[in-house]
Asks: 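The structure that follows is given in the form of structure tokens.
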Number of protein chains: 2
Amino acid sequence: MPYRPTALTRKNAEDKRDGFLRAARTLVAADGFRAATVAAIAARCQASVGSVYSYFDSRDRLLAEVFRSAAGHEIDLVREAVADAGQQASQRLGELIRIFSGRALAGRRMAWALLFEPVSPVVEAERLEYRRFYTDVGERIISDGLAAGTFVPQDARLASSAVMGAVSEALVGWIRPDSAEPSAEEQRRVMDGIQDFCFRALGVRDLAASFGGGGATSVQPRTGGRP
Amino acid sequence: MPYRPTALTRKNAEDKRDGFLRAARTLVAADGFRAATVAAIAARCQASVGSVYSYFDSRDRLLAEVFRSAAGHEIDLVREAVADAGQQASQRLGELIRIFSGRALAGRRMAWALLFEPVSPVVEAERLEYRRFYTDVGERIISDGLAAGTFVPQDARLASSAVMGAVSEALVGWIRPDSAEPSAEEQRRVMDGIQDFCFRALGVRDLAASFGGGGATSVQPRTGGRP
DNA sequence: GCAAGGAGTGAACCACGGTTCAATCCAACG
DNA sequence: CGTTGGATTGAACCGTGGTTCACTCCTTGC
């Protein structure tokens with residue numbers, strides 16, 4: 001508020017900006033981007049509509065930033081999990097799939113918003129990048145697995161896309177806004193099913209060697225008995 | 001136009017209605033549902049905006065009908081191809097995948113509109129049914145294959161969803177409005193890749209017995225040498 | 001106190017495309 | 001011909017939600 005702009009004013013301004021972002025994020029997590037109107041965001045901060053525009057060029061940019069931050073958080077978790085999973089391509093891909101699905105099932109509204117909700121082109125551009133990240137990570141893992149002979153020969157990029165598609169589509173029924181929340185038991189079954197599906201698709205060999213032997217996976221390329 | 005409503009007037013009215021539907025469909029096929037504004041539809045029939053509303057309750061219903069008809073046509077083709085494919089579950093699923101992908105790659109704009117374009121809730125409801133059809137057909141085929149021992153034990157519904165997701169996601173990069181048209185060679189590669197991926201995921205056994213042995217598929221659940 | 005000027009306000013504005021409806025047209029009947 | 005009434009017209013209307021901007025508020029420096 002003084003003449004010279006800089007002081008702790010800077011901090012206050014940043015806090016305010018952050019407040020708007022956090023408010024928007026909360027709204028998105030609860031009811032999707034659709035619900036994050038400028039009026040709702042402002043109201044949640046006990047601020048006026050106009051003040052939002054002194055911190056953001058437009059609603060689109062604000063929402064794009066919300067998307068980037070929320071998606072970035074998911075990405076970090078996945079990246080971390082994949083990094084901690086060791087060398088085995090199958091283990092790394094398993095982590096990718098499980099963390100991705102687990103997070104989606106845990107935060108269904110947000111997952112739906114990030115993955116499926118219709119959004120403006122500006123936000124859609126963020127989404128494209130976001131999806132691309134997963135496809136890239138998947139491709140890298142699959143390429144490694146291919147080189148190591150863990151997977152059956154195939155186009156890594158195509159396979160990665162297909163994996164992401166399979167995961168997304170298997171999830172969408174469970175995270176749609178009007179769908180009922182799946183029980184923990186169901187969640188486990190879905191996640192296991194997805195992983196098994198993808199592992200088979202990639203042609204994972206000697207699963208027992210990769211994992212403890214118990215666990216979710218029941219991939220038996222040739223014999224296949226009932227669990 | 002006479003007092004008594006029925007005559008060949010009936011036919012004329014139906015023709016007109018059909019004209020609007022066809023016009024809308026052409027617009028959708030060219031630029032998606034977004035482009036099918038009431039004004040554009042009317043203009044294409046040299047009619048006025050208002051006249052559209054004497055044949056349809058609302059734009060949404062009109063577009064829903066367009067969706068249903070376009071999607072219905074696709075469904076017929078798939079149903080037919082699957083029926084002609086014989087008993088083998090793997091063959092039937094192969095047809096489903098190949099016809100679906102082939103059609104999408106041949107009519108990219110329409111495929112994008114039907115599968116991915118953001119649409120109003122009313123049209124989205126049609127889409128849900130449309131996707132459901134494919135998932136149902138897939139599930140039935142997979143169940144049959146499971147019973148016959150053609151596929152490895154798994155949840156048929158989940159697997160069907162995953163297959164449709166894998167197919168869709170593998171295609172989306174090629175049918176996005178701003179993507180370049182893939183060459184025939186690329187199209188073949190994509191379709192083969194998708195089918196192989198899905199077959200492996202399902203754990204198709206003794207492929208050579210199902211098919212001629214040549215062709216695209218190169219599924220080797222255990223041995224898998226380099227091509 | 002008082003002037004300065006940045007921050008905040010919120011009602012008005014705008015864009016957009018679907019929807020309406022009073023006016024008009026016109027083929028068919030007597 | 002004159003009348004009838006369904007078909008057609010298209011300009012005006014509306015709902016929605018993002019965006020603007022003239023005005024107020026309030027802290028700071030003198």
Side-chain angles (χ1 to χ4, degrees), chain A residues 1-21 23-24 27-28 31-67 117-124, chain B residues 1-21 23-24 27-28 31-67 117-124:
Chain A
M1 295 86 170
Y3 300 147
R4 281 311 191 74
T6 42
L8 86 167
T9 329
R10 193 67 79 186
K11 172 107 171 57
N12 278 355
E14 253 171 54
D15 283 356
K16 194 109 198 221
R17 217 186 107 94
D18 256 35
F20 286 135
L21 285 173
L27 288 163
V28 171
D31 293 301
F33 287 98
R34 176 98 217 257
T37 62
V38 178
I41 295 166
R44 193 161 250 275
C45 297
Q46 283 125 304
S48 69
V49 172
S51 70
V52 172
Y53 285 88
S54 41
Y55 295 93
F56 300 92
D57 288 347
S58 70
R59 177 188 184 241
D60 270 358
R61 281 197 193 287
L62 194 171
L63 291 189
E65 206 165 322
V66 169
F67 190 105
E117 184 184 359
V119 292
S120 77
V122 175
V123 179
E124 183 67 33
Chain B
M1 296 85 171
Y3 302 145
R4 283 309 193 70
T6 42
L8 87 167
T9 329
R10 194 66 79 187
K11 171 106 172 56
N12 278 356
E14 254 171 54
D15 282 358
K16 195 111 198 219
R17 219 185 106 92
D18 257 35
F20 286 135
L21 285 172
L27 288 164
V28 171
D31 293 303
F33 287 98
R34 175 102 217 258
T37 62
V38 178
I41 295 167
R44 193 162 251 276
C45 298
Q46 283 124 305
S48 70
V49 171
S51 71
V52 172
Y53 285 87
S54 42
Y55 296 93
F56 299 92
D57 288 346
S58 69
R59 176 185 186 244
D60 270 357
R61 282 198 192 287
L62 195 171
L63 291 189
E65 207 165 321
V66 168
F67 190 105
E117 184 184 359
V119 292
S120 78
V122 176
V123 179
E124 184 67 34

Asks: Measure the distance from CZ on B/Arg17 to P on D/dT8 and round it to the nearest whole Å.
Replies: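 About 14 Å, once rounded to whole Å.
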Asks: D/dG17 P sits how many Å from A/Phe33 CZ, rounded?
Replies: 17 Å
Asks: Using OP1 and OP2 only, check whether a side-chain N or O of A/Ser48 sits under 4.0 Å from C/dT9.
Replies: yes
Asks: For B/Phe56, answer base if it contacts any base atom (sugar-phosphate contacts may also be present), sugar-phosphate if it contacts only those atoms, and nothing otherwise; contact means non-hydrogen atoms under 4.0 Å.
Replies: nothing
Asks: Nearest to the A/Ala47 side chain among D/dT8, D/dT20, C/dT9, which nucleotide is it?
Replies: C/dT9
Asks: For the residue pair B/Phe56 and B/Phe20, does the interplanar ring angle fall in the parallel (under 30°), tilted (30 to 60°) or perpendicular (over 60°) class?
Replies: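 Taking B/Phe20 first and then B/Phe56, their aromatic rings stand perpendicular (interplane angle over 60°).
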Asks: Using the side-chain contact (heavy atoms from CB on, under 4.5 Å) rule, pick out the option among A/Asp57, A/Val123, A/Leu21, A/Val38 that qualifies with A/Leu62.
Replies: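 Answer after filtering A/Asp57, A/Val123, A/Leu21, A/Val38: A/Leu21.
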Asks: Using atom CD of B/Glu14 as one end and atom C1' of D/dA7 as the other, report the distance to the nearest whole Å.
Replies: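 Rounded to whole Å, this separation is 16 Å.
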Asks: Enter the distance from B/Phe67:CZ to B/Glu124:CD here, rounded to the nearest 0.5 Å.
Replies: 8.0 Å
Asks: Categorize B/Thr37 for me: base, sugar-phosphate, or nothing, with a 4.0 angstrom heavy-atom threshold over every strand shown.
Replies: sugar-phosphate
Asks: Rounded to whole Å, please give me the gap between CZ in B/Arg59 and P in C/dG18.
Replies: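 From B/Arg59 CZ to C/dG18 P: 4 Å.
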Asks: Quick one: pull up CZ in A/Arg17 and SG in A/Cys45 and give me the separation to the nearest 0.5 Å.
Replies: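 With rounding to 0.5 Å, CZ (A/Arg17) is 12.5 Å from SG (A/Cys45).
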Asks: Can you measure A/Tyr53 atom OH to D/dA22 atom P for me and round it to whole angstrom units?
Replies: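 About 17 Å, once rounded to whole Å.
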Asks: If I take atom CG in residue A/Leu63 and atom P in nucleotide D/dG17, what distance separates them, rounded to the nearest angstrom?
Replies: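 Rounded to the whole Å, the gap is 14 Å.
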Asks: Look at the side-chain N and O atoms of B/Ser54 and state whether any lies under 4.0 Å from the OP1 or OP2 oxygen of D/dA7.
Replies: no
Asks: Measure CZ/B/Arg34 against C1'/C/dG18 and give the value in whole Å, please.
Replies: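 The answer, rounded to whole Å, is 13 Å.
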Asks: Rounded to the nearest Å, what distance is computed from the NZ atom of residue A/Lys16 to the C1' atom of nucleotide C/dG6?
Replies: 13 Å
Asks: Any side-chain N or O of A/Tyr55 less than 4.0 Å from the OP1 or OP2 oxygen of C/dG8?
Replies: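 Checking C/dG8 against A/Tyr55, a side-chain N or O does come within under 4.0 Å of OP1 or OP2.
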Asks: Ignoring hydrogens, what is the shortest heavy-atom contact between A/Arg34 and A/Glu117? Give both atom names and the distance.
Replies: N-OE2, 2.8 Å
